[in-house]
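Shown next, in structure tokens, is the structure this report addresses.
Keep in mind the model is a prediction, meaning the values are calculated, not measured. Basis for what follows: all heavy atoms, side chains included, without hydrogens, waters or symmetry-related copies.
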Number of protein chains: 2
Amino acid sequence: MTDRKMTIREMCEAFDVTPRTLRFYEAKELLFPIREGQKRLFTKRDRARLKLILRGKRFGFSLEEIRQLLDLYYMDDSQETQLRKTYTLAEKHLAEMEAQRDELNEAIAELKEQMAWGAKRLKELAPDRAAG
Amino acid sequence: MTDRKMTIREMCEAFDVTPRTLRFYEAKELLFPIREGQKRLFTKRDRARLKLILRGKRFGFSLEEIRQLLDLYYMDDSQETQLRKTYTLAEKHLAEMEAQRDELNEAIAELKEQMAWGAKRLKELAPDRAAG
DNA sequence: AGGAAAGATGACGTGAACGTAAACGTAACG
DNA sequence: CGTTACGTTTACGTTCACGTCATCTTTCCT
């Protein structure tokens with residue numbers, strides 16, 4: 001397994017975040033780097049989680065929401081009750097994400113329409129170097 | 001034209017926001033309610049803008065980004081330079097939104113995969129009332 | 001041994017996006 | 001004519017997600 005342990009600095013370069021951010025995520029229990037003496041070492045698991053965290057952020061989820069969602073990707077030997085709870089939560093998030101995608105598609109279509117209008121106006125103003 | 005002017009209270013109920021939010025958006029120059037004495041009256045234009053604002057927020061845009069995007073939807077007699085600037089900005093946003101949609105689709109697919117895995121585990125634990 | 005480089009902790013600061021409380025205006029209602 | 005409802009401004013408070021010191025170890029290098 002490629003379970004290279006990475007230092008905080010390596011993580012920062014790999015994911016373009018600051019040390020503060022990684023420590024903050026650990027404090028919020030989103031990451032669980034192991035310790036070698038004082039120093040944090042980030043595992044393959046932490047890297048996978050961080051990738052999901054950053055993605056979640058881009059979709060506008062809060063860190064707390066993301067923390068709960070992460071459990072789904074790392075369900076292991078949970079009890080049924082917990083598993084079912086997590087599953088239900090995931091269903092909710094899935095619905096939200098699909099709704100967001102649909103709305104996004106709609107917004108994209110509208111924006112394109114507006115841009116077509118703008119392009120037409122630009123063309124009238126300067127036919128030689130119009131937008132396209 | 002259905003240009004009914006709405007009070008702040010009516011707006012709040014129609015869009016599920018607080019008065020504070022509407023005043024805040026006005027301060028940030030996202031909305032421009034007219035005044036009847038002291039009181040704000042929100043026009044059809046304000047309603048259209050607010051709808052776009054709330055949508056932009058769901059997509060994770062900041063109010064400042066939204067403010068700039070709104071100009072595109074309300075381009076009227078701008079000069080070419082301004083129009084071209086707005087158009088360029090819109091292109092950038094469009095690209096971002098399309099990228100976000102693609103990533104969202106990917107995330108949805110992955111989440112579904114994880115949920116299928118979870119559903120299978122739940123089925124093993126309790127075949128009678130499994131998740132579907 | 002001496003010093004830079006990397007990492008740690010702790011505490012205070014910051015920007016965005018509002019929430020909340022105080023104090024005031026005004027307009028209709030019983 | 002008082003009070004209830006709705007609206008206003010001003011101003012300080014709050015949450016989230018970090019940024020930014022200051023200070024202290026640990027480690028590596030020459």
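- Between A:Phe24 atom CZ and C:dG13 atom P there is a gap of 18 Å when expressed in whole angstrom units.
- A salt bridge does not link B:Lys92 with B:Glu65: none of the charged nitrogens is closer than 4.0 Å to a carboxylate oxygen.
- Across the protein-nucleic acid pair, A:Arg35 atom CZ and C:dG7 atom C1' stand 10 Å apart, rounded to whole Å.
- Atom CZ in B:Phe61 sits roughly 13 Å away from atom P in C:dA17 (whole-Å rounding).
- B:Thr7 has no side-chain polar atom (N or O) that falls below the 4.0 Å cut-off from OP1 or OP2 of D:dC6.
- For A:Thr18 and A:Gln38, each mapped to the nucleotide of DNA chain D holding its nearest heavy atom, the one lying further toward the 5' end belongs to A:Thr18.
- Residue B:Tyr25 has a polar side-chain atom (N or O) positioned under 4.0 Å from OP1 or OP2 of C:dC18.
- Judged by distance alone, the side chains of A:Gln68 and A:Glu64 do bring a donor and an acceptor atom under 3.5 Å apart.
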Step by step, work out the side-chain contact (heavy atoms from CB on, under 4.5 Å) result for A:Glu103 and B:Arg55.
CA-CA 8 Å; A:Glu103 205 186 346; B:Arg55 186 161 77 181; 3.4 Å; yes
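- Smallest separation of non-hydrogen atoms from A:Phe59 and B:Gln100: CE2-O, 4.1 Å.
- Within 3.5 Å, no donor on the side chain of B:Arg23 pairs with an acceptor on the base of D:dT9, nor the reverse.
- OP1 or OP2 of D:dG13 has not a single side-chain nitrogen or oxygen of B:Arg20 nearer than 4.0 Å.
- Between B:Thr21 and C:dA17, a side-chain N or O to OP1/OP2 separation shorter than 4.0 Å is absent.
- Between the side chain of B:Arg40 and the base of D:dT8, no donor-acceptor pair of N or O atoms lies under 3.5 Å.
- When rounded to the nearest whole Å, the span between CG of A:Leu22 and P of C:dA6 equals 16 Å.
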Going through the distances and angles, do A:Glu110 and A:Gln114 end up as a side chain to side chain donor-acceptor pair (under 3.5 Å)?
CA-CA 6 Å; A:Glu110 283 179 35; A:Gln114 288 299 322; over 6 Å; no
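- Distance, A:Glu64 CD to D:dC18 C1': 16 Å, rounded to whole Å.
- One can place CD1 of B:Ile8 at 7 Å from P of D:dG7, the figure rounded to the nearest angstrom.
- Taking atom CD1 on A:Ile66 and atom C1' on D:dC18, their separation rounds to 14 Å, with Å as the unit.
- Rounded to an integer number of Å, the gap from NZ of A:Lys28 to P of D:dT15 is 11 Å.
- Within the 4.0 Å cut-off from OP1 or OP2 of C:dA17, not a single side-chain nitrogen or oxygen of B:Arg67 is found.
- Side-chain N/O atoms of A:Lys39 include none lying less than 4.0 angstrom from OP1 or OP2 on C:dT9.
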